[in-house]
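What follows is a single structure, written as structure tokens, with notes after it.
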Amino acid sequence: MAKSLSFEFGALDDLQDMLKNLEANTDEAIDRALIDSQKLVADKAEKAMEKHDRTGNTKASIIRDKAVNNSGMSKSIGVGFDIKSGGLPSIFLMYGTTLHGQPHIEPDKELYEAIFGKRTQKEIEEVQERAFQNAIEEAMK
């Protein structure tokens with residue numbers, strides 16, 4: 001004879017509601033994490049660009065559009081400089097240039113680090129983790 005088990009306890013409905021809230025907050029948390037990450041990189045890049053600000057075109061090409069791209073099951077956001085909108089010089093500033101085989105423009109390590117550096121990547125991780133912690137806390141209310 002087979003015995004049947006049931007899954008019942010007093011807080012089941014509350015837990016189901018919290019899980020539904022968490023699911024609803026996850027998509028918003030991902031968007032918030034990406035937008036906050038973009039802002040972090042943009043602020044660091046802008047600060048690093050201060051010493052190179054001649055025309056303002058390259059600095060104005062720093063991506064701050066808050067446009068989260070949805071592609072199937074993944075989301076992304078642009079960071080750094082919009083090359084098509086005046087950001088091309090940022091490449092020469094970050095990596096340097098040579099003229100007749102001799103260094104012409106020294107690489108700007110601060111600008112490179114603002115976008116690609118390990119410290120920036122660590123700060124991005126912290127920003128994104130904080131966004132998810134906030135979403136979980138909100139769902140638990």
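Glu126 is listed as a side-chain neighbour of Lys122, based on a closest heavy-atom distance under 4.5 Å. For the pair Val41 and Thr120, the minimum side-chain heavy-atom distance is below 4.5 Å. The shortest distance between side-chain heavy atoms of Lys47 and Glu110 falls below 4.5 Å. Contact check for His52 versus Lys59: no side-chain heavy atoms found under the 4.5 Å cut-off. In this structure, the side chains of Asp36 and Arg32 come closer than 4.5 Å at one or more pairs of heavy atoms. In this structure, the side chains of Met94 and Phe116 come closer than 4.5 Å at one or more pairs of heavy atoms. Using a 4.5 Å heavy-atom threshold, the side chains of Lys51 and Asp108 count as touching. In this structure the side chain of Ile77 reaches within 4.5 angstrom of the side chain of Val68, judged on heavy atoms.
What you find for Ala33 and Val127 is that their closest heavy atoms are O-CG1, 4.2 Å. Scanning both residues, Ile115 and Gly80, for their nearest heavy atoms gives CD1-CA, 4.0 Å.
Met49 and Ile105 are members of different hydrophobic clusters when ILVMFWY side chains are connected at heavy-atom separations under 4.5 Å. When hydrophobic clusters are built by joining Ile, Leu, Val, Met, Phe, Trp and Tyr residues whose side-chain heavy atoms come closer than 4.5 Å, directly or via intermediates, Ile63 is not grouped with Ile91.
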*asked:* Could you walk me through whether Glu46 and Glu50 satisfy the side chain to side chain contact (heavy atoms under 4.5 Å, CB included) test, starting with their C-alpha distance in whole Å, then the side-chain angles of each, then the deciding distance to 0.1 Å, before giving a yes or no?
replied: CA-CA 7 Å; Glu46 185 172 346; Glu50 287 176 359; 5.6 Å; no
*Might you work through the side-chain hydrogen bond (donor to acceptor under 3.5 Å, both in side chains) test for Glu129 and Gln133, ending with a clear yes or no?*
CA-CA 6 Å; Glu129 182 178 341; Gln133 287 174 344; 3.2 Å; yes
_Run Gln128 and Ser37 through side-chain hydrogen bond (donor to acceptor under 3.5 Å, both in side chains) and show every step you take._
CA-CA 7 Å; Gln128 292 178 352; Ser37 298; 3.1 Å; yes
*After noting the C-alpha distance and the side-chain angles of Gln38 and Asp65, does the key distance pass the side-chain hydrogen bond (donor to acceptor under 3.5 Å, both in side chains) rule?*
CA-CA 9 Å; Gln38 183 186 65; Asp65 61 7; 3.0 Å; yes
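Side-chain atoms of Ser90 do not come within 3.5 Å of backbone N or O of Phe81 as any donor-acceptor pair. Judged by distance alone, with hydrogens and angles left aside, the side-chain atoms of Ser61 form a donor-acceptor pair with the main-chain N or O of Thr58 at under 3.5 Å.
A distance of 4.5 Å separates CZ in Phe132 from CD1 in Ile30, rounded to the nearest 0.5 Å. For the atom pair OG1 of Thr98 and CD of Glu106, the computed distance is 11.0 Å after rounding to the nearest 0.5 Å. Here CD of Glu123 is found 10.5 Å from CG of Asp43. Values are rounded to the nearest 0.5 Å. Interatomic distance, Lys39 NZ to Leu34 CG, rounded to the nearest 0.5 Å: 15.5 Å.
Under a cut-off of 6.0 angstrom, the local environment of NZ in Lys75 is crowded, with over 12 non-hydrogen atoms contributed by other residues, nucleotides or ligands.
Tested against Leu40 for a side chain to side chain contact (heavy atoms under 4.5 Å, CB included), the candidates Ile124, Val79, Ile35 yield a single pass: Ile124.
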